**Student:** 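I have a structure here, written as structure tokens, and I will follow up with some questions on it.
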Amino acid sequence: MTPASPPSPGPSAPRRNYRLLTAAAVVTNLGGNGALIAAAFAVLDAGGDGGDVGLVAASRTLPLVVFLLIGGAVADRLPRHRVMVAANALNCLSQAAFAVLVLAGHPQLWQMMLLTALGGTGQAFFSPAAEGMLMSSVQGEHAGRAFAVFRMAMQGAGLGGAALGGAMVAALGPGWVLAADAAAFAVAGALRAFLDVGHIPPREAGGGMLADLREGWREFAGRPWLWGIVVQFSIANAVVGAADAVYGPLVARDELGGAGPWGLALACFGGGTVAGALLMTRWKPRRLLLAGTLCVFPLALPSAALAVPVPVGALCAVMFLSGALVEVFGVSWMTALHQEIPEDKLSRISAYDWFGSVALVPLATALAGPAEQTFGRTASLWGCSALVVVVTAAVLTVPDVRNLRRRTREVAVRSGSADAERAVGGLG
């Protein structure tokens, strides 16, 4: 079996779902990464400035944060594939309207913010449902490899989509790239409509949305390894996001020769994530979270490299290495969630995970400028690097992070865990 092929054992419905989910993710990542570039240039072409670009970006993040936990509860209550298709439909319509406005000429800032906010709302409902659906579409002992293949395809499509989108913006303008992204959502939604959930046991009727949210919180708060790592990444993602979005372009402009070298460095990070996912199709670390968390420490290196700053070649090497190693964490994390979280709570836990990942990013990005004015750019970058190291070292003090082990089929069956059910029936 080649590294890029999905795992073959298991019930036919989950295996088919896995292939459909992977294909749909490739389509949406090809369109979505180009659309991020197109949206920024649409704002600039309409006469906006950097602050306006930031407002449009924040318009997507705010509803994502607000609705994520509700989206997770909805995805655990309703059939997940229907939630995914509805969210894709909302994204398709909002991007199509955005494209029409741009192609017609002179879109207003408030219109672009509103349509981008609708896209963020769709993402808030889509992401927990999609992650829960993916986790339920693979078997326990094959989960790590399946997640690695999925992430490799997704990251590769994102890398290609960014490059293709940038070229299309230059050649055709941002409106046509936004239209292509709307079409990608339509295709992906059609693929996801064919997901088969017949193998999933009916979920028991709950006590309402608030009861579902409380139950999800108890599941989340009762696992120190889970909330510990979510808190770790809420801080790490925030400072890395600030470094990438604010300081990186400034260092590139002043020290490295402009946007071209910075774009190359970001591409190297993306290439590293693909390489890391490829590695995880073969490597199965026994202590999932220990191996993954140790691989988060190099995420501090890009900020340190920008603080020096190092030459472009060295920065690209650092970006590639950090991308590859953080992907080891990504695959290990998904495998641990698949192994430890009950199937009927997967989407709610995924929502808390997503919430922690994005909640502090807007704040950190907004504070990056004042921090530079107060402490200086170099000190601020060293601070970003230090925070990544500190929070990663702190989470290693949690015993379960160090000791949680990958389960084999034999161990799962003997223990009667949720993993045993997945290995037999591919629940999801």
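Just so we're clear, the structure is a prediction, and the values are computed from it rather than from any experiment.
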**Student:** Specify the closest pair of heavy atoms between T28 and A184, including all atoms of both residues, with the distance to one decimal.
**Tutor:** CG2-O, 4.3 Å
**Student:** Which atom names give the shortest non-hydrogen contact between P298 and S322, and what distance separates them?
**Tutor:** O-CB, 3.5 Å
**Student:** Applying side chain to side chain contact (heavy atoms under 4.5 Å, CB included) to V274 and L278, what does each step give before you reach the verdict?
**Tutor:** CA-CA 6 Å; V274 176; L278 179 61; 5.7 Å; no
**Student:** Could you give the distance from OG (S350) to CE (M133), rounded to the nearest 0.5 Å?
**Tutor:** 13.5 Å
**Student:** Would you call V239 and S303 a side-chain contact if the rule is heavy atoms closer than 4.5 Å?
**Tutor:** no
**Student:** Looking at every heavy atom in both G248 and L306, which two are closest together, and how far apart are they?
**Tutor:** CA-CD1, 3.9 Å
**Student:** Report the distance from atom CG of N88 to atom CZ of R192, rounding to the nearest 0.5 Å.
**Tutor:** 4.5 Å
**Student:** So L256 and L315, side chain to side chain contact (heavy atoms under 4.5 Å, CB included) or not? Walk me through it.
**Tutor:** CA-CA 10 Å; L256 302 177; L315 177 62; 3.7 Å; yes
**Student:** Just jot down the salt bridge (charged side-chain N to carboxylate O under 4.0 Å, His left out) partners of R377, sequence neighbours excluded, or say none.
**Tutor:** D254, E372
**Student:** Does the side chain of T293 reach to within under 4.5 Å of the side chain of T392, using non-hydrogen atoms?
**Tutor:** yes
**Student:** Would you compute the distance between atom CD of Q95 and atom OG1 of T116 and round it to the nearest 0.5 angstrom?
**Tutor:** 7.0 Å
**Student:** Would you say CZ of R82 has more than 12 non-hydrogen atoms from neighbouring residues, nucleotides or ligands within 6.0 angstrom?
**Tutor:** no
**Student:** When rounded to the nearest 0.5 angstrom, what distance separates OG1 in T273 from CG in L159?
**Tutor:** 7.0 Å
**Student:** Assess whether side chain to side chain contact (heavy atoms under 4.5 Å, CB included) is satisfied between I235 and V390, documenting all intermediate values.
**Tutor:** CA-CA 10 Å; I235 297 172; V390 168; over 6 Å; no
**Student:** Can you find a pair of side-chain heavy atoms, one from V83 and one from F126, that are under 4.5 Å apart?
**Tutor:** no
**Student:** Any side-chain to backbone donor/acceptor pair from N17 onto D196? Under 3.5 Å, distance only.
**Tutor:** yes
**Student:** Stepwise, does the side chain to side chain contact (heavy atoms under 4.5 Å, CB included) test hold for I229 with F329?
**Tutor:** CA-CA 11 Å; I229 288 179; F329 169 83; 3.6 Å; yes
**Student:** Going by heavy atoms in the side chains, are L404 and E340 under 4.5 Å from each other?
**Tutor:** yes
**Student:** Can you name the side-chain hydrogen bond (donor to acceptor under 3.5 Å, both in side chains) partners of W333, sequence neighbours left out?
**Tutor:** D353
**Student:** Within this structure, what is the CE-OG1 distance for the pair M152 and T22, rounded to the nearest 0.5 Å?
**Tutor:** 10.0 Å
**Student:** Can any side-chain N or O of R402 pair as donor or acceptor with the backbone N or O of T397 at less than 3.5 Å?
**Tutor:** yes
**Student:** Please round to the nearest 0.5 Å and tell me the distance separating atom CG of L387 and atom CD of Q232.
**Tutor:** 12.0 Å
**Student:** Quick check: does any side chain N or O of R286 sit under 3.5 Å from a backbone N or O of R406, one acting as donor and the other as acceptor?
**Tutor:** yes
**Student:** How close do W382 and A304 get, counting heavy atoms only, and between which atoms?
**Tutor:** CZ3-CB, 3.5 Å
**Student:** Determine the minimum heavy-atom distance between C384 and Y247, stating which atoms define it.
**Tutor:** SG-CE1, 4.2 Å
**Student:** Is there a side-chain contact between L337 and L226, using heavy atoms and a 4.5 Å cut-off?
**Tutor:** yes
**Student:** F220 vs Y352 aromatic rings, parallel, tilted or perpendicular, using cut-offs 30° and 60°?
**Tutor:** parallel
**Student:** Can you name the one residue among L396, L289, V328 that meets side chain to side chain contact (heavy atoms under 4.5 Å, CB included) with L294?
**Tutor:** L396
**Student:** Taking S234 for its side chain and V231 for its backbone only, find out whether a donor-acceptor pair lies under 3.5 Å.
**Tutor:** yes
**Student:** Using the salt bridge (charged side-chain N to carboxylate O under 4.0 Å, His left out) criterion, which residues pair with R151? Sequence neighbours excluded.
**Tutor:** E327
**Student:** Determine the minimum heavy-atom distance between A24 and A188, stating which atoms define it.
**Tutor:** O-CB, 3.8 Å
**Student:** May I ask you to decide if W225's main-chain N or O and D400's side chain share a donor-acceptor pair within less than 3.5 Å?
**Tutor:** no
**Student:** Would you check if Q123 and P63 make a side-chain contact, meaning some heavy-atom pair closer than 4.5 Å?
**Tutor:** no
**Student:** Heavy-atom distance under 4.5 Å between the side chains of E131 and L346, does that happen here?
**Tutor:** no
**Student:** Using side-chain heavy atoms (C-beta onward) and a distance below 4.5 Å, is F233 in contact with V296?
**Tutor:** yes
